[in-house]
Amino acid sequence: MQKDQYMLQAQYAISILEAKAKIIDEQMSMKYNREIMRSVSGRVKTPESIYAKLMRKGLEPNLKTACEKLNDLIGVRIVCLFLDDVYKIAEILTEQKDIELVRKKDYISKPKKNGYMSLHLIVDIPIYFDQNKSTKRVEIQIRTIAMDFWSVLDYQLLYKKDVSAAEKVGKELKKYSEEIADLDRKMQKLRNKIEKI
């Protein structure tokens, strides 16, 4: 497959999932009478990032290998307000007949060692291109605003820093992640309390 054709198909996959997320957001917002999703965005991994990841994994640095071995070439991120919405959105998405769930990674109930939290769904979705049907694998990340805040700042603080820098601030970042998780739970309890009034 040519690079341009792959990029176009990847953008189709993102567009399909963004449209699905928008519909889910509108339906849930009407049902619960409140805002559900703050943002939905997509991205295709850059060739440089794909090459670096393949080299780290000791794999052949080409598009065919990347498509076969990497699950995050195409990504969609959904940021919502409350923790329970993360799981509701995931449930609705994975119940759709044209989305095949390949794997679910719950980094909310079991955060990564550094404190990273998000719900990841690895899915396959059909793409129709030049009268041919193919499947594209997409990683969907669903998280709260608080989790996204931590993740963005973690990336900015440690981007292109050496390993020792991450080790020196690792405990502190993990502590802040736990504080953010606690805040998420408190905000959800407060929302539930307000809804009962």
_Val76 and Val40, any side-chain heavy atoms less than 4.5 Å apart_ = yes
*In sequence, state the C-alpha distance, the side-chain angles, and the governing distance for Gln188 and Leu190, and then conclude on side-chain contact (heavy atoms from CB on, under 4.5 Å).*
CA-CA 5 Å; Gln188 185 170 307; Leu190 180 60; over 6 Å; no
_Is there a side-chain contact between Gln9 and Lys136 in this structure, where contact means two heavy atoms from C-beta onward sitting under 4.5 Å apart?_
yes
*Would a distance-only check, ignoring hydrogens and angles, find a side-chain to backbone donor-acceptor pair under 3.5 Å from Trp150 to Leu173?*
yes
*Atom CG of Asp98: over 12 foreign heavy atoms under 6.0 Å*: yes
*How about Tyr176 and Glu172: does a side-chain donor come under 3.5 Å of a side-chain acceptor?*
yes
*With a 4.5 Å heavy-atom cut-off, do Arg137 and Ile122 have their side chains touching?*
yes
*Are there more than 12 heavy atoms of other residues, nucleotides or ligands under 6.0 Å from atom CD of Glu60?*
no
*asked:* Measuring only between side-chain heavy atoms, which start at C-beta, is Ile24 closer than 4.5 Å to Gln96?
replied: yes
_Sidechain N-carboxylate O distance under 4.0 Å for Asp72, Lys45_ = yes
*Output yes when Glu195 and Arg191 qualify as a salt bridge under the 4.0 Å nitrogen-oxygen rule, no when they do not.*
yes
_The criterion is side-chain hydrogen bond (donor to acceptor under 3.5 Å, both in side chains); which residues satisfy it with Glu35, sequence neighbours excluded?_
Arg38
*Do Ser151 and Asp154 have side-chain atoms, one donor and one acceptor, less than 3.5 Å apart?*
no
*State, without any angle test, whether Arg143 and Tyr116 hold a side-chain donor-acceptor pair at a distance under 3.5 Å.*
yes
*May I ask you to say whether Asp106 pairs ionically with Lys110, meaning some side-chain N is under 4.0 Å from a carboxylate O?*
no
*Can you tell me how far CD of Glu100 sits from CG of Asp124, rounded to the nearest 0.5 angstrom?*
5.0 Å
*What about Leu81 and Tyr32, same hydrophobic cluster or not, with Ile/Leu/Val/Met/Phe/Trp/Tyr joined at side-chain heavy-atom distances under 4.5 Å?*
no
*Could you tell me whether a side-chain N or O of Ser29 sits under 3.5 Å from a main-chain N or O of Asp25, the two making a donor and an acceptor?*
yes
*To the nearest 0.5 angstrom, please state how far the CG atom of Leu119 sits from the CG atom of Leu93.*
10.0 Å
*Any side-chain heavy atom of Leu73 sitting closer than 4.5 Å to one from Glu139?*
no
*With a 4.5 Å limit on heavy-atom distance, are the side chains of Ser134 and Tyr128 in contact?*
no
*Does atom OH of Tyr51 have more than 12 heavy-atom neighbours, drawn from other residues, nucleotides or ligands, at distances under 6.0 Å?*
no
*Within-4.5 Å side-chain heavy-atom neighbours: Thr135 and Ile125*: no
*asked:* Tell me every residue that passes side-chain contact (heavy atoms from CB on, under 4.5 Å) with Asp184, counting only those two or more places apart in sequence or in another chain.
replied: Thr144, Ala146, Met147
